[in-house]
A.B. asks: 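Sending over a structure as structure tokens; questions will come in a sec.
First the proteins, then the strands, lettered A, B, ... as listed; each starts at 1.
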Amino acid sequence: MTEREVRVRFAPSPTGPLHIGGVRTALYNYLLARKLGGKMLLRIEDTDQNRFVPGAEEYILEALAWCGIVIDEGQGVGGPHGPYKQSERKPMYKQYADQLIADGHAYYAFDTAEELDAMRARLQAAKVPNPQYNSITRAQMRNSLTLPEDEVKALLDGGAQYVIRLKVPRKEEVRFQDLIRGWVVVHSSAIDDKVLMKSDGMPTYHLANIVDDHLMEISHVIRGEEWLPSAPLHVLLYRYLGWESTMPQFAHLPLLLKPDGTGKLSKRDGDRLGFPVFPLEWHGTDAETGEATISRGYREDGYLPEALVNFLAFLGWNPGTQQEIFSMDELIQAFSIERVSKSPAKFDQNKVKWFNEHYLRAKSNAELAPYLLQALHEHAIVCSQEKAEQIVGVMKERVSFPNDFWQEAKYFFQAPTEYDETVVSKKWNAAVAAALTAYAEALPTAPEVSAEGLKTLFNDTMAAQGLKPGQVLQALRVAVTGAAAGPDLFETLVILGVPEVTERLRTAVATLPAAA
RNA sequence: GGUCCGUUCGUCUAGGGGUUAGGACAGUAGAUUUUCAUUCUACCAACAGGGGUUCGAUUCCCCUACGGACUACCA
């Protein structure tokens with residue numbers, strides 16, 4: 001085969017918010033496309049009108065963009081193979097189903113839902129291990145294989161409801177080579193006569209997927225392992241449609257599992273375990289109660305996209321070196337489908353958090369300041385860019401998320417209303433209060449102060465009071481911030497400014513019990 | 001039930017016929033720090049079980065167990 005352009009696609013269904021596993025699938029597609037100099041397509045698979053959820057498509061676009069996954073061609077971008085939404089491609093599929101019928105690889109089936117249920121019930125009663133519409137049972141059903149030709153024609157002409165099913169051969173080994181798993185072999189007897197065209201005239205996933213991948217000249221299909229069982233069916237479809245020579249290469253990704261126990265990571269696990277399973281926050285409605293629900297998102301929880309991407313990339317893949325921190329560009333350079341593992345991975349909250357802390361600390365103060373400024377804005381507090389940068393500068397080593405800045409740095413903007421009890425009871429006494437008063441009075445009035453200067457002054461003042469700095473430091477922190485812990489105290493004082501510090505010291509001395 | 005896929009520290013994983021089975025996260029301990037955090041150092045901890053093949057198997061093969069996916073006119 002000649003060198004083919006690499007074209008991969010991410011093809012989600014707009015049935016709700018994009019799951020974090022879907023994000024990883026999209027990411028691997030993207031990495032492979034970029035690595036091999038190919039194209040990344042986005043196709044919306046909305047052939048099931050019943051499951052369509054408004055806003056889901058926009059969500060998918062926004063989530064991918066937030067992660068830095070760039071779509072070269074497809075929904076929201078356009079391109080030469082449009083439209084990229086299957087509902088808009090509806091008229092294109094019928095001819096392929098007709099072709100399959102003409103070639104004897106598919107047939108019309110007129111069975112009602114009740115008849116299908118009855119068939120399954122009958123087979124179940126007869127202890128048939130796997131009740132399905134297949135090469136054996138189709139002989140008992142109402143379809144164009146069993147009905148006389150003129151009756152079929154009459155039904156069709158009379159507008160009877162029908163579906164088109166694939167005529168899967170009785171005995172045949174279907175095999176294909178999976179890029180991750182090697183040869184996968186399935187006997188055709190295990191595959192049922194899948195519906196290709198539904199009675200509403202829409203194709204099912206299987207037909208639409210194969211037709212679109214072929215028409216869009218997809219070279220690699222990278223998708224979740226849940227598709228592995230139907231891959232042989234897809235191979236059959238390519239073959240019967242006469243497209244086997246350009247059939248894409250398959251790669252089925254291992255699943256993402258719940259952090260605890262086992263099983264596929266699901267929407268509910270996030271709520272249960274307290275971490276997001278969606279990239280962005282999602283406002284939906286409960287399917288049963290109809291109540292409005294909010295699902296947490298990584299973005300809103302304060303995760304940086306580069307941290308999420310780095311973490312996700314390593315869930316099921318690794319470069320074979322000891323390096324763990326990778327930018328998107330580095331991932332592209334290092335990625336290879338051969339190094340994707342076969343076994344499923346459990347989602348590890350600690351590891352994502354660690355990645356987030358890493359990327360947070362790697363950011364400049366100027367990049368981080370907006371997060372604090374945003375929170376301040378919400379609390380109607382005015383603050384200069386410069387001061388915000390100073391604060392995030394001393395704070396970024398001690399927080400996990402940008403959202404923590406406000407909570408941790410509150411006291412820079414609000415004088416403490418209460419003081420840490422443990423420190424007060426242990427470290428606060430009349431002598432300390434007096435020493436702090438002395439320090440407050442000794443504080444320079446000049447606007448230019450340095451942490452070093454304040455520290456020296458503190459040490460000198462304490463010496464004059466006959467106290468060791470260590471005896472008073474904690475009390476000073478509590479008096480000024482109310483908290484028992486925080487960044488370097490004298491840096492904190494500098495940011496606060498002398499007038500504010502003086503004021504807070506006076507308040508503390510007046511408020512706190514001078515006993516003991 | 002059937003078909004298919006999988007199984008190395010608690011977690012993500014490297015490795016691979018002969019290794020002290022390596023790293024990271026988490027955990028623990030210590031150092032640093034005025035405090036907490038950071039940082040640094042150390043420690044803890046794994047080849048699911050049973051059969052083969054082999055001089056030798058965690059690595060190759062088979063079986064078992066366990067886990068998972070699929071089994072719709074859903075994707």
A.B. asks: If I pick the P atom on G16(B) and the same atom on G22(B), what distance separates them, to the nearest angstrom?
C.D. replies: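 Nearest-Å result for G22(B) against G16(B) at atom P: 15 Å.
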A.B. asks: Could you measure between the two P atoms, the one in G18(B) and the one in U33(B), and give it in whole Å?
C.D. replies: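 Looking at atom P only, G18(B) and U33(B) are 47 Å apart.
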A.B. asks: Does atom NZ (Lys198(A)) have a neighbourhood of more than 12 heavy atoms from anything else shown, all under 6.0 Å?
C.D. replies: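 Yes, NZ of Lys198(A) has more than 12 neighbouring heavy atoms, counting only those of other groups under 6.0 Å.
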A.B. asks: Would you say Ser189(A) places a side-chain N or O within less than 4.0 Å of OP1 or OP2 belonging to U3(B)?
C.D. replies: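 False: Ser189(A) side-chain N/O out of range (4.0 Å or more) of U3(B) OP1/OP2.
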A.B. asks: C1' atom, U59(B) versus A14(B): distance in rounded Å?
C.D. replies: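 One C1' to the other, the span is 14 Å.
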A.B. asks: State the pairing partner of A57(B); accept Watson-Crick or G-U wobble contacts with both distances under 3.5 Å, and report none otherwise.
C.D. replies: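 Because no pair has both required distances under 3.5 Å, A57(B) counts as unpaired.
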A.B. asks: Do His206(A) and Leu233(A) touch side chain to side chain, with heavy atoms closer than 4.5 Å?
C.D. replies: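 Of all side-chain heavy-atom pairs linking Leu233(A) with His206(A), at least one is under 4.5 Å.
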A.B. asks: Can you check whether Asn350(A) has a side-chain N or O nearer than 4.0 Å to OP1 or OP2 of U11(B)?
C.D. replies: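 No.
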A.B. asks: For U39(B), which nucleotide is its Watson-Crick or G-U wobble mate, given both distances must be under 3.5 Å?
C.D. replies: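 Across any shown strand, U39(B) pairs with A31(B).
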A.B. asks: Between Phe275(A) and Phe347(A), does the ring-ring contact (aromatic ring centres under 6.0 Å, His included) criterion hold? Intermediate values first, please.
C.D. replies: CA-CA 10 Å; Phe275(A) 68 93; Phe347(A) 196 88; 5.0 Å; yes
A.B. asks: How about Arg268(A) and Val277(A): do any of their side-chain heavy atoms sit closer than 4.5 Å?
C.D. replies: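 Answer no - side chains too far apart.
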A.B. asks: Students often get this wrong, so: under 4.0 angstrom with heavy atoms, is Ala345(A) touching a base, only sugar-phosphate, or nothing?
C.D. replies: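 Sugar-phosphate contact only - Ala345(A) comes under 4.0 Å of backbone atoms but never of a base.
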A.B. asks: With both distances kept under 3.5 Å, what pairs with G16(B), Watson-Crick or G-U wobble?
C.D. replies: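 Across any shown strand, G16(B) pairs with none.
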A.B. asks: Gln322(A) has a side chain; which of G23(B), A14(B), U34(B) sits nearest to it?
C.D. replies: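 Nearest to the side-chain atoms of Gln322(A), counting from C-beta on, is G23(B).
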A.B. asks: Rounded to whole Å, please give me the gap between CG in Leu123(A) and C1' in G1(B).
C.D. replies: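 My rounded result for the distance is 14 Å.
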A.B. asks: Gly470(A) or Phe347(A): which one's nearest nucleotide on RNA chain B is closer to the 5' end?
C.D. replies: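 Going by which nucleotide is closer to the 5' end, it is Phe347(A).
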A.B. asks: Please report the distance separating the C1' of U8(B) from the corresponding atom of U19(B), rounded so that it comes out in whole Å.
C.D. replies: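 Each nucleotide's C1' atom is 14 Å from the other's.
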A.B. asks: What's the closest nucleotide to the Asn318(A) side chain, out of U34(B), U13(B), U3(B)?
C.D. replies: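 Nearest to the side-chain atoms of Asn318(A), counting from C-beta on, is U13(B).
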A.B. asks: Base contacts versus sugar-phosphate-only contacts with protein, heavy atoms under 4.0 Å: please encode nucleotides 67-75 of chain B as B, S and - from 5' to 3'.
C.D. replies: SSSSS-BBB
A.B. asks: May I ask you to check whether Phe326(A) and Phe314(A) place their ring centers less than 6.0 Å from one another?
C.D. replies: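 Yes, the ring of Phe326(A) comes within the 6.0 Å limit of the ring of Phe314(A), centre to centre.
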A.B. asks: Starting at CG of Leu315(A) and ending at P of C25(B), how long is that distance when rounded to a whole Å?
C.D. replies: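 So the two atoms are 16 Å apart, to the nearest Å.
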A.B. asks: Applying a 4.0 Å non-hydrogen cut-off, can you work out what Lys351(A) is touching in the nucleic acid: base, sugar-phosphate, or nothing?
C.D. replies: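 Result for Lys351(A) = base.
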A.B. asks: Can you work out whether Val184(A) or Gly320(A) has the more 5'-proximal nearest nucleotide on RNA chain B?
C.D. replies: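 Residue closer to the 5' terminus by nearest nucleotide: Val184(A).
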A.B. asks: Between U7(B), U13(B), A26(B), which nucleotide gets closest to the side-chain atoms of Ser343(A)?
C.D. replies: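 From the listed options, U7(B) comes nearest.
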A.B. asks: In this structure, is the centre-to-centre distance between the rings of Tyr59(A) and Trp282(A) below 6.0 Å?
C.D. replies: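 Distance test on ring centres: under 6.0 Å, yes.
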A.B. asks: Taking C-beta and beyond as the side chain, do Leu304(A) and Phe355(A) meet within less than 4.5 Å on heavy atoms?
C.D. replies: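 Answer no - side chains too far apart.
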A.B. asks: Tell me which nucleotide among U3(B), U13(B), U35(B) gets nearest to the side chain of Gln474(A).
C.D. replies: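 The nucleotide sitting nearest to the side chain is U35(B).
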A.B. asks: Can you check the distance between A24(B) and G15(B), where both ends of the measurement are the C1' atom (answer in whole Å)?
C.D. replies: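 One C1' to the other, the span is 15 Å.
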A.B. asks: Considering only the C1' atoms, how many Å lie between C47(B) and C9(B), rounded to the nearest integer?
C.D. replies: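 So the two C1' atoms sit 10 Å from each other.
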A.B. asks: Could you identify the nucleotide paired to U3(B), looking across every strand shown and requiring Watson-Crick or G-U wobble geometry with both distances under 3.5 Å?
C.D. replies: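 The base-pairing partner of U3(B), which may sit in any strand shown, is A69(B).
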A.B. asks: What nucleic acid atoms does Gly224(A) come within less than 4.0 Å of, heavy atoms only: base, sugar-phosphate, or nothing?
C.D. replies: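 Touches nothing.
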A.B. asks: So Trp428(A) and Leu436(A), do their side chains get closer than 4.5 Å, heavy atoms only?
C.D. replies: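 Leu436(A) reaches Trp428(A) side chain to side chain.
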A.B. asks: Using the C1' atom in both, what is the distance from U58(B) to A21(B), to the nearest Å?
C.D. replies: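 The answer is 8 Å between these two C1' atoms.
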A.B. asks: Take atom CG of Leu312(A) and atom P of A24(B), then tell me their distance rounded to the nearest Å.
C.D. replies: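 Interatomic distance, CG of Leu312(A) to P of A24(B): 22 Å.
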A.B. asks: Any idea how Phe250(A) and His234(A) line up, ring-wise: parallel (<30°), tilted (30 to 60°), or perpendicular (>60°)?
C.D. replies: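 The arrangement is tilted - the two ring planes meet at 30° to 60°.
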A.B. asks: Quickly work out the Phe326(A) CZ to G23(B) P distance and round it to whole Å.
C.D. replies: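 Atom-to-atom, Phe326(A) to G23(B), this comes out as 18 Å.
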A.B. asks: Applying the Watson-Crick and G-U wobble criteria at under 3.5 Å, what pairs with A24(B)? Answer none if nothing qualifies.
C.D. replies: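 Its partner is U11(B) (Watson-Crick or G-U wobble, both distances under 3.5 Å).
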A.B. asks: How far, in whole Å, is G50(B) from C66(B) if one measures between their C1' atoms?
C.D. replies: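 Approximately 14 Å lies between the C1' atom of C66(B) and that of G50(B).
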A.B. asks: At 4.0 Å (heavy atoms only), tell me whether Arg477(A) reaches a base, stays on the sugar-phosphate, or touches nothing.
C.D. replies: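 Base contact.
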A.B. asks: In whole Å, what is the span from the CG atom of Leu473(A) to the P atom of U34(B)?
C.D. replies: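 In whole Å, U34(B) P lies 8 Å from Leu473(A) CG.
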